[in-house]
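Just below is one structure, and these are the notes that go with it.
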Amino acid sequence: MAEALGDLMRTIYCGELTTENIGETVILNGWVNKRRDHGGLIFVDLRDRTGIVQVVFSPDVDREAFEKAETVRSEYVLAVKGEVRRRPEGTENEQLKTGLVEVYASELRILNKAKTPPFYIAEDIDVDEAVRLKYRYLDLRRPDMQRVLMLRHRTTKAMRDFLDAKGFLEIETPMLTKSTPEGARDYLVPSRLHPGEFFALPQSPQIFKQLLMVSGMERYFQIVRCFRDEDLRADRQPEFTQLDIEMSFVDRERVLSLMEDLVAYVFKETLGKDIQTPFTRLPYREAMDRYGSDKPDLRFGLELVDITDLAGEVEFKVFASVVQSGGQVKGINARGCGSFTRREIDELTEFVGNYGAKGLAWMIVQEDGIKSPIAKFFSEEQLGNIKSRLGAAPGDLLLFVADRPQVVAASLGALRVELAKRLDLIKKDELNFVWIVDFPLVEYDEEEKRYVALHHPFTSPVEEDIPLMDTEPEKVRAQAYDLVLNGVELGGGSIRIHRRDVQEKMFKVIGLGDEEAREKFGFLLDAFEYGTPPHGGIAFGLDRWVMIMAQRDTIRDCIAFPKTQSATDLMIQAPSPVDKHQLKELHLKTAVVPRKGE
RNA sequence: GGAGCUGUGGUGGAGAUGGUUACCAUGCCAGCCUGUCAAGCUGGAGGUCGCGGGUUCAAGUCCCGUCAGCUCCGCCA
């Protein structure tokens with residue numbers, strides 16, 4: 001029997017009650033977090049999005065309210081009117097923000113009943129994520145989830161405030177747009193009015209924001225949904241949100257420093273943290289050499305050390321042959337890990353195997369020499385050189401991978417992070433920002449047998465490298481930059497190509513023929529002929545940004561209604577088959593035989 | 001496309017070597033209880049072990065397949 005809200009509209013939020021309110025008569029609206037029935041006295045913890053306060057139902061105060069309270073259960077929706085009183089001495093609850101007071105209910109309306117929820121609505125619950133996702137509306141009732149969404153709100157608010165103050169305009173771009181080559185797989189939307197043709201959902205508003213620069217908008221931003229039909233990860237969802245930014249008449253330094261100000265402003269406004277600027281700038285090459293990653297976590301050391309030159313001289317065949325065939329040998333000094341058991345080292349070997357490494361050579365440094373199955377292939381002098389190169393001391397464990405540079409980087413880069421986790425070297429509260437700069441413009445794709453853009457095909461090469469585009473494209477540096485925070489790629493951008501001749505050259509390098517370029521990007525090439533200012537910008541992954549600020553392990557926790565790893569929504573059961581008529585209208589036929597029962 | 005982990009009442013977990021009514025906690029329901037706060041006490045209901053097949057006299061437990069969730073590789077300009 002749900003009752004009408006009537007005049008019992010809240011006068012204050014549960015979490016806001018303090019000793020200041022003692023003596024006041026207040027009206028609370030919220031959910032029953034917990035009911036404790038003592039027979040002659042009932043306590044109800046009432047919860048709204050601000051917090052919890054204890055409501056007392058006593059027949060001495062109001063018998064009708066008390067009797068109604070006996071029927072109340074968890075998650076019932078209530079309106080309560082009552083007097084705020086200081087709790088009797090000895091019954092204060094220090095764990096509750098409002099624990100010094102309680103509300104004596106003089107009137108209760110049960111606005112709605114509730115089924116027993118499948119899990120307790122509280123912080124730190126231990127429930128299968130699938131259950132949480134199926135009942136996401138209940139999951140989001142939990143205070144820690146609400147806090148993340150509030151933080152997300154404050155983050156976007158701070159972004160908008162900062163950019164507005166700096167003269168940026170928030171402009172929307174189309175969701176129904178055009179499929180383009182390069183990049184991720186598109187989500188396609190069939191066109192009803194144009195049989196056999198499709199829109200694509202944007203992977204990013206890249207081209208539109210550049211066109212807005214041609215339009216003379218000068219400074220643009222957008223908090224915008226992007227879509228990529230690729231496999232998911234803890235930090236990758238098929239639809240995610242970017243803070244997208246573009247500016248005219250700027251160079252790289254101008255963009256980076258303004259973005260540093262933005263980051264500092266947002267962290268100050270949301271978390272109250274002071275961020276030191278400018279951020280470190282680390283060339284891509286150096287990041288790969290020292291950390292084996294273009295998104296290194298700089299909160300700890302464990303840097304990769306190149307011993308290719310030393311390894312080429314040893315009798316150990318695995319090392320020598322790798323070096324001979326143009327590979328690399330690099331190592332990490334896991335300080336103080338000399339006590340690792342054989343089993344632990346085997347685990348690490350298996351770990352690097354995931355990244356293509358065929359093995360993990362190891363040496364334990366002891367007072368009286370080196371303990372290692374491969375030590376016998378090395379002379380004393382060679383061992384000494386390796387030790388000094390890695391700065392090894394007794395008690396250290398040295399780990400080596402010999403392979404193609406990509407495999408060495410991937411495996412040791414990952415091993416570095418794994419070791420840091422195992423050794424607890426990562427300071428959880430540290431925020432370590434770094435710009436990765438001087439990316440190559442293109443890299444050779446073995447599968448496609450052509451050069452592909454490392455960033456995207458609109459990234460400007462460094463001016464003096466332009467001539468190299470014809471001769472040694474892989475040596476051309478791009479005016480591109482990524483912002484990395486604690487090993488997570490927060491965002492990336494570049495100064496764009498704004499000259500038609502350079503853009504055409506770029507298309508040529510990546511093997512995009514004149515005709516295809518014309519067909520796919522003709523409008524862009526045309527636009528570039530009408531007075532395009534030099535421009536550049538960046539896009540940040542908002543979900544990842546919030547994830548780090550909220551110290552969560554997955555962006556699913558920072559998105560109200562996320563998808564599972566197989567890109568489904570467990571709550572609304574999407575995707576789903578559609579009606580035959582819908583398909584017919586869209587001029588579509590599926591090649592799949594529907595499963596039984598569908 | 002691949003590797004790994006997980007799947008037992010609503011929820012979280014336990015169930016050596018295959019063997020009688022599948023255990024514990026919590027939640028739920030009922031009763032008692034006027035100061036609790038993840039209240040307490042007493043009693044009760046609730047699962048056939050993700051699904052399918054196989055081995056066996058007998059399977060939650062072994063085998064095969066499959067589905068789902070998560071982590072990772074590939075992929076993600």
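Being a predicted model, the structure only gives us computed values, none of them experimental. Chain A is the first sequence line, chain B the second, and so forth, proteins listed ahead of strands; every chain is numbered from 1.
Between the side chain of A/R35 and the backbone N or O of A/V72, at least one donor-acceptor pair lies under 3.5 Å. A donor-acceptor distance shorter than 3.5 angstrom exists from the side chain of A/D48 to the backbone of A/C14, with no hydrogens or angles considered.
Of the candidate nucleotides B/G12, B/U34, B/C76, B/U34 has the atom nearest to the side chain of A/L41. With B/G69, B/U36, B/U71 as the candidates, the nucleotide lying closest to the side chain of A/T554 is B/U71. Comparing B/C72, B/G12, B/C76 by their closest approach to the side chain of A/R236 singles out B/C76. Residue A/D231 has its side chain nearest to B/C75 when only B/C75, B/U36, B/U34 are considered. When distances are taken from the side chain of A/R233 to each of B/A38, B/G12, B/C75, the shortest belongs to B/C75.
Contact annotation: the side chain of A/R36 approaches that of A/D45 to within less than 4.5 Å [non-hydrogen atoms, C-beta and beyond]. Side-chain contact between A/I12 and A/L28 is present, with at least one heavy-atom pair separated by less than 4.5 Å.
Taking both residues in full, the closest heavy atoms of A/I245 and A/K209 are given as O-NZ, 3.1 Å, listed atom of the first, atom of the second, then distance.
When the P atom is compared between B/A45 and B/C70, the two are found 37 Å apart, to the nearest whole Å. Comparing B/U48 with B/C23, their P atoms are spaced 14 Å from each other, to the whole Å. Remark: the separation of the C1' atoms in B/G7 and B/G44 is 29 Å, to the nearest Å. Going from the C1' atom of B/U21 to that of B/G46 covers 16 Å, rounded to whole Å. Distance noted for atom P between B/G4 and B/A22: 34 Å (whole Å). Rounded to whole Å, the separation between the C1' atoms of B/A25 and B/U8 comes to 15 Å. Rounded to a whole angstrom, the distance from the P atom of B/C62 to that of B/A16 is 9 Å.
Between A/T564 and B/G69 there is a side-chain polar atom (N or O) within less than 4.0 angstrom of OP1 or OP2. Considering only side-chain N and O atoms, A/R556 lies under 4.0 angstrom from the phosphate OP1 or OP2 of B/U71. One finds a side-chain N or O of A/R36 lying less than 4.0 angstrom from the OP1 or OP2 phosphate oxygen of B/A39. Side-chain nitrogen and oxygen atoms of A/T568 include at least one within less than 4.0 Å of the OP1 or OP2 phosphate oxygen of B/G69. Listed pair A/Q54 / B/U36 fails the phosphate criterion, with no side-chain N or O lying under 4.0 Å from OP1 or OP2.
Between the side chain of A/N354 and the base of B/C73, no donor-acceptor pair of N or O atoms lies under 3.5 Å. Residue-to-nucleotide contacts include no donor-acceptor pair under 3.5 Å from the side chain of A/R35 to the base of B/C37. Judged by distance alone, with hydrogens and angles left aside, A/R228 brings no side-chain donor or acceptor close enough to the base of B/C76 to form a pair under 3.5 Å.
Stacking between A/H38 and B/A39 is present: the aromatic ring centre lies within less than 5.5 angstrom of the base six-membered ring centre, and the two planes differ by under 30 degrees. Where stacking is scored as ring centres under 5.5 Å apart with planes under 30°, A/F43 registers as stacked on the base of B/U36.
Residue-level contact check: A/P457 touches the bases, meaning some heavy atom is under 4.0 Å from a base atom. Among the protein residues, A/E129 comes within range of the sugar-phosphate backbone only, with heavy atoms under 4.0 Å from sugar or phosphate atoms but none that close to a base. At the heavy-atom level, A/P118 lies under 4.0 Å from the strands shown only through sugar-phosphate atoms. Counting non-hydrogen atoms under 4.0 angstrom, A/V452 reaches nothing in the nucleic acid. Among the protein residues, A/E89 comes within range of no part of the nucleic acid, since none of its heavy atoms lies under 4.0 Å from any strand. Using a 4.0 Å heavy-atom cutoff across all strands shown, A/D60 reaches at least one base atom of the nucleic acid. When heavy atoms are screened at a 4.0 angstrom cut-off, A/T459 is found touching no nucleic acid atom at all.
Side chains of A/D62 and A/S106: no donor on one and acceptor on the other come within 3.5 Å.
Between A/R132 atom CZ and B/C70 atom C1' there is a gap of 12 Å when expressed in whole angstrom units.
Nearest-nucleotide mapping onto RNA chain B: of A/E102 and A/Q203, the residue sitting toward the 5' end is A/E102. Nearest-nucleotide positions on RNA chain B place A/D126 closer to the 5' end than the other of A/Y104 and A/D126.
Glycosidic conformation of B/A16 is syn; the angle stays within 90° of 0.
With a 3.5 Å ceiling on both atom-pair distances, the Watson-Crick or G-U wobble partner of B/C62 is B/G54. B/A3: Watson-Crick or G-U partner is B/U71, with both key distances under 3.5 Å.
For the salt bridge (charged side-chain N to carboxylate O under 4.0 Å, His left out) with A/E75, the qualifying choice from A/R47, A/R142, A/K113 is A/R47, the only one to do so.
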Can you list the steps and then say if A/D557 with A/R132 is a salt bridge (charged side-chain N to carboxylate O under 4.0 Å, His left out)? CA-CA 11 Å; A/D557 284 347; A/R132 290 174 50 205; 3.3 Å; yes
Would A/D465 and A/R477 count as a salt bridge (charged side-chain N to carboxylate O under 4.0 Å, His left out) if you check the C-alpha gap in whole Å, the side-chain angles of each, and the deciding distance to 0.1 Å? CA-CA 7 Å; A/D465 290 353; A/R477 287 166 298 163; 2.9 Å; yes
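Within the model, atoms CZ of A/F521 and CZ of A/F528 stand 10.5 Å from one another, a figure rounded to the nearest 0.5 Å.
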Restricting to nitrogen or oxygen on both sides, can you table the protein-nucleotides 28-30 of chain B pairs closer than 3.5 Å?
| unit_1 | atom_1 | unit_2 | atom_2 | d |
| --- | --- | --- | --- | --- |
| B/C29 | OP1 | A/R73 | NE | 2.9 |
| B/A30 | OP2 | A/R73 | NH2 | 3.0 |

